[in-house]
2 protein chains.
Amino acid sequence: MSLPHAILGLLTYQPMTGYDLKHHFDHSVNYFWSAQQSQIYRELAALEGKGYVSSCIEPQEGRPDRKVYSIIAAGKRELQEWLERFPQVLTTPYREELLVHIFFASRLPLAELKFQLQRFIRERQEQLAAYTAVDGMISDPVKIPGHPDESFYWRLTLKRGFAQARADIGWAEECIRDIEKQEGLRETGDERSEER
Amino acid sequence: MSLPHAILGLLTYQPMTGYDLKHHFDHSVNYFWSAQQSQIYRELAALEGKGYVSSCIEPQEGRPDRKVYSIIAAGKRELQEWLERFPQVLTTPYREELLVHIFFASRLPLAELKFQLQRFIRERQEQLAAYTAVDGMISDPVKIPGHPDESFYWRLTLKRGFAQARADIGWAEECIRDIEKQEGLRETGDERSEER
DNA sequence: GAATTCATGTAACTTGTTACATGATTTA
DNA sequence: TAAATCATGTAACAAGTTACATGAATTC
């Protein structure tokens with residue numbers, strides 16, 4: 001499971017509250033590991049229970065007190081060990097709703113499927129634009145004491161986003177071409193779909 | 001949620017037991033929606049409770065009785081409505097552990113990261129080979145009464161697998177080249193990534 | 001006056017995973 | 001003799017989602 005380790009990783013940058021962590025998630029890790037606010041609070045409590053992080057309360061006036069979490073030695077060790085154990089793609093379950101729709105799409109008109117794929121292409125193009133914006137923001141090297149430039153690694157994950165989005169656009173375009181060929185076949189070969 | 005609809009979809013091909021469904025999952029839907037056996041049984045009970053499927057028991061000798069589920073009218077309606085509501089990519093949470101490792105990989109030697117990416121490339125190449133095998137198996141048109149050739153749609157989902165795997169291989173190769181450049185930089189330029 | 005931000009969570013629920021239980025038959 | 005296949009599940013747990021509750025300060 002990645003959530004506790006993503007939290008531990010972010011806490012190596014600086015001590016943070018659950019609220020701060022949620023913001024960091026939404027602007028970086030979220031692209032490949034999303035988490036709800038309530039999940040973060042629950043996980044922080046679990047991490048504290050395991051002795052991986054410690055917390056201290058900073059009182060505030062007119063605002064709720066801040067409960068600031070810091071990663072401690074045992075947490076750093078746990079993070080390190082986890083980081084070294086890369087997941088195997090072949091055994092990790094994959095789930096993508098879009099493909100379930102397409103798998104059973106014989107129950108939809110070809111024109112509808114084509115329309116949905118066109119919409120998909122636009123969505124992925126928007127994501128490409130968003131990735132470009134993020135890329136601009138991490139253009140400067142980011143130094144964390146004791147480690148080489150973090151932005152180098154962040155950019156590797158971003159490039160994956162680009163590669164996947166581009167592949168999806170190419171795939172969806174090919175699907176649309178296939179559908180258009182299929183439409184031609186069904187018009188000429190199958191008299192039933194002609195009458196309407 | 002796709003699990004109930006994937007089950008309903010498979011039941012349109014033919015009435016099946018939970019056990020049969022698991023096999024169908026493992027050889028098709030599994031590539032984009034995986035499910036445990038226990039999850040399928042639980043979901044079948046829920047679908048029956050909602051009146052989307054009906055079951056009848058076929059007694060057997062020397063083997064456990066078969067509880068065969070069939071999709072009924074309300075289930076077909078539910079499936080149809082769901083199929084028409086395609087998911088939005090932008091709002092569906094994405095989770096991929098590999099990228100969490102890479103995001104925080106400044107804590108690993110570059111050589112180790114390179115090794116893991118090479119392993120990743122091999123895994124994706126194996127998947128490409130597996131997809132090619134599946135493609136061969138669905139080369140003949142598959143007819144379900146009342147619908148056009150199913151294999152056309154199955155092949156669209158397969159093509160997505162190919163596109164993503166190829167994109168991943170290209171991405172990982174680019175990462176390795178970036179890492180090798182970085183290795184050169186750290187040896188010559190940057191004297192020390194200081195410790196503290 | 002309404003919505004958003006800051007900051008804490010809890011509770012209930014759904015979905016996914018892992019382990020267990022049964023027991024005859026077939027295959028290695 | 002061990003394992004895999006056929007076929008049913010249940011139980012416990014882990015992880016993810018959604019809704020709710022509090023309440024001052026700030027911005028639209």
Side-chain angles (χ1 to χ4, degrees), chain A residues 1-8 15-27 29-30 32-50 53 55-69 82 87-88 91-97 100, chain B residues 1-8 14-27 29-30 32-50 52-53 55-69 82 87-88 91-97 100:
Chain A
M1 226 260 298
S2 301
L3 177 62
H5 301 100
I7 291 173
L8 289 174
M16 276 184 270
T17 67
Y19 189 85
D20 296 335
L21 277 164
K22 174 61 174 159
H23 283 256
H24 270 77
F25 259 85
D26 288 350
H27 298 107
V29 188
N30 192 255
F32 45 85
W33 205 274
S34 66
Q36 306 300 126
Q37 183 73 73
S38 62
Q39 239 182 313
I40 292 172
Y41 283 121
R42 188 213 268 156
E43 197 58 51
L44 280 169
L47 289 171
E48 193 167 23
K50 284 179 184 162
V53 302
S55 66
C56 63
I57 287 156
E58 285 182 10
Q60 292 195 124
E61 283 179 30
R63 296 202 168 284
D65 294 350
R66 288 165 57 83
K67 194 171 178 185
V68 182
Y69 290 88
W82 179 85
Q88 278 177 260
T91 55
T92 42
Y94 186 76
R95 289 190 179 90
E96 185 145 342
E97 189 180 325
V100 184
Chain B
M1 225 261 297
S2 300
L3 177 61
H5 302 98
I7 291 173
L8 290 174
Q14 53 183 289
M16 276 184 270
T17 67
Y19 190 84
D20 297 335
L21 277 164
K22 174 60 174 161
H23 283 256
H24 271 76
F25 259 85
D26 289 350
H27 298 107
V29 188
N30 192 254
F32 45 83
W33 204 276
S34 66
Q36 304 303 125
Q37 182 73 72
S38 61
Q39 237 183 315
I40 291 172
Y41 282 121
R42 190 212 269 155
E43 196 60 49
L44 279 170
L47 289 171
E48 194 167 21
K50 283 178 184 163
Y52 293 159
V53 300
S55 67
C56 62
I57 287 156
E58 286 182 11
Q60 292 195 123
E61 283 180 29
R63 296 204 167 283
D65 294 350
R66 287 164 57 81
K67 194 169 177 186
V68 182
Y69 289 88
W82 179 85
Q88 278 177 260
T91 55
T92 43
Y94 187 75
R95 290 189 178 90
E96 185 143 343
E97 189 179 325
V100 183

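So you know, we letter chains A, B, ... as the sequences are listed, proteins then strands, and number each from 1. For the numbers below, each heavy atom of this structure counts, side chains included, while hydrogens, waters and symmetry mates do not.
Heavy-atom minimum distance, D65(A) versus P59(A): OD1-CA, 3.4 Å. Closest approach of P93(A) and R95(A) over heavy atoms only: CB-NH1, 4.0 Å.
Toward the 5′ end of DNA chain C lies the nearest nucleotide of K67(A), the other residue of the pair R42(A) and K67(A) mapping further downstream. In terms of position along DNA chain D, the nucleotide closest to Y69(B) lies nearer the 5' end than the nucleotide closest to the other residue of the pair Y69(B) and P64(A). When each of R95(B) and D65(B) is assigned the nucleotide of DNA chain D with its nearest heavy atom, D65(B) is the one assigned upstream, toward the 5' end.
A donor-acceptor pair under 3.5 Å is absent between the side-chain atoms of K22(B) and the main chain of S38(B), judged by distance alone. In this structure, N30(A) contributes its side chain and H27(A) its backbone to no donor-acceptor pair below 3.5 Å. Side chain of Q37(B) to main chain of G18(B): a donor-acceptor pair is present (N/O by atom type, distance under 3.5 Å, no hydrogens or angles).
Within the helix from dG1(C)-dC28(D) to dA28(C)-dT1(D), the inter-axis angle between the opening and closing five-pair segments is 50°, rounded to 10°.
The NE2-C1' distance, from H23(B) to dA4(D), rounds to 11 Å in whole Å. Between the CD atom of Q36(B) and the C1' atom of dA14(D) there is a distance of 13 Å, rounded to whole Å. One interatomic measurement links the two molecules: OH of Y19(B) to P of dC6(D), which rounds to 4 Å at whole-angstrom precision. We find that CD1 of I40(B) is positioned 15 Å from P of dC6(D), with the value rounded to whole Å. Rounded to a whole Å, the CE atom of M16(B) is 13 Å from the P atom of dA7(D). The separation between K22(A) atom NZ and dT18(D) atom P is 11 Å, rounded to whole Å. Whole-Å rounding puts the Q37(B) CD to dT5(D) P distance at 13 Å. Remark: C1' of dA15(D) and CD of Q39(B) are 12 Å apart, rounded to the nearest angstrom.
Counting non-hydrogen atoms under 4.0 angstrom, R63(B) reaches a base of the nucleic acid. S38(B) comes within contact range of at least one nucleobase, with a heavy-atom separation under 4.0 Å. Here E43(A) lies out of heavy-atom contact (under 4.0 Å) with every strand.
For the side chain to side chain contact (heavy atoms under 4.5 Å, CB included) with L21(A), the lone residue among L44(A), V29(A), D26(A) that qualifies is L44(A).
Nucleotides of DNA chain C with any atom under 4.0 Å from a heavy atom of chain A span, from 5' to 3', dT5(C) to dT17(C).
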Q: Determine, step by step, whether T17(A) and K67(A) satisfy the side-chain contact (heavy atoms from CB on, under 4.5 Å) criterion, reporting the C-alpha distance in whole Å, the side-chain angles of both residues, the deciding distance to 0.1 Å, and the verdict.
A: CA-CA 6 Å; T17(A) 67; K67(A) 194 171 178 185; 5.6 Å; no

Q | Steps toward side-chain contact (heavy atoms from CB on, under 4.5 Å) verdict (D20(A), R66(A)) | A | CA-CA 10 Å; D20(A) 296 335; R66(A) 288 165 57 83; 3.1 Å; yes

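Under the 4.5 Å side-chain criterion, counting only non-hydrogen atoms from C-beta, L3(A) is in contact with F25(A).
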